[in-house]
Structures are given as C-alpha cells and as structure tokens.
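Predicted, not measured: the structure shown is a model, and the values here were computed from it.
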Amino acid sequence: MTGPAPSAHTGPPSELDKLRRRVEALSRKREEAEARLHGLLSSLLPLDDLLVDTRRRAGALHEAGSAREATSAAVALSEQVDAAQRMLRGEFARLDVTAMDVVGRAVDPAEMRVVGTEGHPSLPQGTVLKERVTGFRLGGSVLRSAQVVIAVPGPAPEPEPEPVPTAPTGGGRAQPRRTTRSQRHLPRKPSAGRRRRSRRT
C-alpha cells in the first residue's frame, strides 16, 4: 500500500518565482513600448511625404518667373505647411499630446519659463503676452515647458517702424537724389535784391 501523494507547494513564492514574474512583466512592457513606437513612426511617414512635396513647392516659388507664378506658388506652399501642421497635431492628439494655450493666463513656473518682459498699461503683472516656444502636455504631465513673454507695469512698446522701401530693380527706375547748388559746385546766381530791368512796353 502506497502512501498519500505529496501535496502541492502552497507556501509563499520563492525568490526565483518573483524574479521570473518581474522578467515577464518587463518583457510585456517592452513589447508594448515597441508596438507604440512602431505605430508612431508609421503614422509619421505620410508627414514626411507631405514635407517632401512642400520642399518641391518651395523650389517652384524660388524659380517663379513672374509675379503671378510667385503668388500661386506662395499660396500652395502656405497650404502645404498648414496641412503638415494639422497632420502632426492630429497625431499628437491621438497620443494624448496637447499644446498649451497660455496667452492671457498668469505665468505658472510649473509649466512656463519666462524669456522676456514687455510693458503693458492695463494687464496685471505676470500675464502671458506671447509664446516664444509652444509648450506641450502629455496627458496630465508637462512634456515641454512653454517659453513666454510676460507683462510688467509700464507703457506698451512702440511698434516697430515699417521698412523703408528700396529702389526697384529691373524695370523700375529710381528717382535721382536732389542736391543743392553748393553740393554741385555751381556759381551763385546774381543777388535777388538787385532790381530787374523793367520790360519796355
């Protein structure tokens, strides 16, 4: 007569079991991360195609032979750039990456880095006036801090002067610069105070 079968081991897991479970968990996380990276790279390939076409259109703008061709190429190039940004932001949104909208808000050191100040007569000090570099969030955490310009008490800065138009090249002709008689080294006219001879009637 044989004795009872040994019962299965039901005690606490050994160190070897714990190590095996950790390795399996790390392996699953690695496979998931590789799958996400593969999906991200695959989704960015159409963006590369779009940028290649954008570069081609930029070349067409550079080689335009007339104002009409240049205008048409510039419009097409602008549309391509907009489409590329929309595609990229769409992929960001799919991955829960969102751009910060910080203009008009009070500066928050946890999300923003101040890179400049401008006087403003009415806004509270520390209000964000401009974004020099857009900030992004990944879910609820900061992926990249925004670089901002904030308001300080004082008058608003003077607007930048418009560039002085240069003389046209090619078909146009620049107007000659006016010079004085002394600059041209011409003899002076007789004094205007002398009486002119009256014409005989």
[X] [atom1] to [Y] [atom2] distance, which is reported to the nearest 0.5 Å:
| X | Y | atom1 | atom2 | answer |
| --- | --- | --- | --- | --- |
| Q85 | L47 | CD | CG | 10.5 Å |
| L44 | L88 | CG | CG | 7.0 Å |
| M87 | F92 | CE | CZ | 13.0 Å |
| L51 | R56 | CG | CZ | 13.0 Å |
| L26 | R30 | CG | CZ | 10.5 Å |

What residues form a side-chain hydrogen bond (donor to acceptor under 3.5 Å, both in side chains) with R144, not counting sequence neighbours? none
Output all residues satisfying side-chain hydrogen bond (donor to acceptor under 3.5 Å, both in side chains) with D49, sequence neighbours left out; order by chain, then residue number. none
Test question: given the 4.5 Å side-chain rule for I, L, V, M, F, W and Y, name all other residues clustered with L41, or answer none. L37
Is the backbone of [Y] close enough, under 3.5 Å, to the side chain of [X] for a donor and an acceptor to pair up by distance?
| X | Y | answer |
| --- | --- | --- |
| T127 | L123 | no |
| S78 | A74 | no |
| S72 | E69 | no |

Test side-chain contact (heavy atoms from CB on, under 4.5 Å) on M112 and E131; report intermediate values, then the result. CA-CA 10 Å; M112 311 170 203; E131 267 186 313; over 6 Å; no
Electrostatic pair D17:R21 at N-O distance under 4.0 angstrom: no
side-chain contact (heavy atoms from CB on, under 4.5 Å) evaluation trace for T54 with L77: CA-CA 6 Å; T54 301; L77 181 60; 3.5 Å; yes
